[in-house]
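Chain letters run A, B, ... following the sequence lines, proteins first, then strands; residues in each count from 1.
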2 protein chains.
Amino acid sequence: MTATSRPVIGVFDSGVGGLTVLRELLRQVPQADYLYFGDTARLPYGSKSVETVAKYAISAAEFLVKQGAQHLVIACNTATALAFDRIASAVRVPALGVIEPGAEIASTASKTRKAVVIATEGTCNSHAYQKALAARGIEAREKPCPLFVPLVEEGWIEHEVTERVAHIYLDEIFAGEFADADALVLGCTHYPLLKPLLRRVVPERVTIVDSAEATANAMAQRLGALDPSGEPSVKFFATDSVEKFRKAGEKFMGWKITDVAHVDIES
Amino acid sequence: MTATSRPVIGVFDSGVGGLTVLRELLRQVPQADYLYFGDTARLPYGSKSVETVAKYAISAAEFLVKQGAQHLVIACNTATALAFDRIASAVRVPALGVIEPGAEIASTASKTRKAVVIATEGTCNSHAYQKALAARGIEAREKPCPLFVPLVEEGWIEHEVTERVAHIYLDEIFAGEFADADALVLGCTHYPLLKPLLRRVVPERVTIVDSAEATANAMAQRLGALDPSGEPSVKFFATDSVEKFRKAGEKFMGWKITDVAHVDIES
């Protein structure tokens, strides 16, 4: 036993997508307590500018630290891609983003050293994944898939329309110079819900890299051995309606969400 | 000539969708000058709660009045549906929403007195169109079509995927008791761009009612005869990146957008 008390981890996303990261954290690091913040009044971040995303993300990070977070997980690819350094230097607790862990797993998995990254427009335009992968000797092609988030939110995760859209987005990417790419990085927290469908769309040899799993794994390594006693507690905060957060969030968590508080961080 | 100076009309939307209304206003009321405000940092409103939408919309309306707007057009169906009365009473200039004009045109067009309204989740849940149509003796069925906005923003306005989605959404609505509905109200400012595609999807006898045209027509009637000299000026404001607004906006306006200013109304 190396720790005397349970660490408090603040997890932050523009909405409910980051719950895929929280779910993995609870699985891999059940010895911590969690605060989850969803900025549902201002989502999505994926199509917005660096300045706007940085401003929103910093206010969310500061809120979580004020609530007692000792570690911060930026469970939002767009916020990590566009503003990780600015968020990390705005708070006094250690921060972890979703991009470095995802790139690390892709690097372990890829033999051909070629990967495809799918993400929001903002994440792709920042080339944050391309840089993180290049640092590991992997060449990457990035593809924005703006229809995937609304399709997931519509609940069409196994729908023929979604499969058609996935083919339109991905067939042309796994082609030409990237016909032998063997890793697909899911660079948006909504995408893990499409994993079974994407498995059918991309070539069989491709490893699908889920940043949520990778990030939880990185946090487990960072925290080391923890007191195994007790159950994790989770407290949720949302900037838009609590009821809407609960309803949408349950699809991502797979279990009932209680204890959601409304927060107004704009005023 | 009944007016001695050009009226200044403030037009407001969560993003660029309201430009379909501005375009119609410029066509039908070219004797006015325009201020257009797109709340692009906080869009979309369609999936957000009444409280959040009302707060955002009132701050936008107040901004336009401060900039000199003498009339206000709420060119956003969700804001009109959820918060028209609150917006109208928060400002001291006359306000016009998109719902009453749309309902009026539907009433003129419908012989069977049955209409279908397609809109965002927020607009449908408010039943604002249903009430406005019921007041005119029309029975309405409302259907949220959350994928239409992202499909339009992806530029897929004549795409096979969009046509398939439209059939999935609409075939079951124009059925049963509503098999003889003869009006389709486009209750979201993005939808007029899908008019040619929707024309192929819904039965031939159905009149497609565009709230943008209806609203511009209502404003023209409200203002009466105006000084016909001079050219309309338009000044744009956006809460997210000016460059993004310009790029997305040009698709809706069909011409080059200049003179966009960035505004931060949160701080």
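Proximity to chain B (any heavy atom under 4.5 Å) is restricted, for A:Glu121, to the side chain, taken from C-beta onward. Contacts between B:Glu51 and chain A at a heavy-atom distance below 4.5 Å are absent for every atom of the residue. Contacts between A:Lys48 and chain B at a heavy-atom distance below 4.5 Å involve backbone atoms as well as side-chain atoms. With a threshold of 4.5 angstrom between heavy atoms, A:Pro44 approaches chain B through its backbone and through its side chain. Only the side chain of A:Ile168 has a heavy atom closer than 4.5 Å to any heavy atom of chain B. Of the two parts of A:Tyr56, only the side chain, counted from C-beta on, holds a non-hydrogen atom closer than 4.5 Å to a non-hydrogen atom of chain B. In this structure, no portion of B:Glu243 lies under 4.5 Å from any heavy atom of chain A.
Aromatic pair A:Phe237/A:Tyr36: ring centres not closer than 6.0 Å. Aromatic pair A:Tyr169/A:Phe148: ring centres closer than 6.0 Å.
In this structure, the separation between SG on A:Cys145 and CG on A:Leu151 is 10.5 Å, given to the nearest 0.5 Å. Here the straight-line distance linking atom CD of B:Glu158 with atom CG of B:Leu197 works out to 5.5 Å at 0.5 Å rounding. Expressed to the nearest 0.5 Å, how far CG of B:Asn77 lies from OG1 of B:Thr123 amounts to 5.5 Å.
Between chain B and the residues A:Val50, A:Val161, A:Leu147, the largest count of heavy-atom pairs under 4.5 Å involves A:Leu147. Options B:Asp240, B:Val165, B:Val149, B:Thr40 differ in how many heavy-atom pairs under 4.5 Å they form with chain A, and the most are formed by B:Asp240.
The aromatic rings of A:Phe236 and A:Phe245 are tilted relative to each other, their planes meeting at an angle between 30° and 60°.
With hydrogens and angles ignored, the 3.5 Å screen pairs a side-chain donor or acceptor of B:Glu250 with a backbone N or O of B:Ile257.
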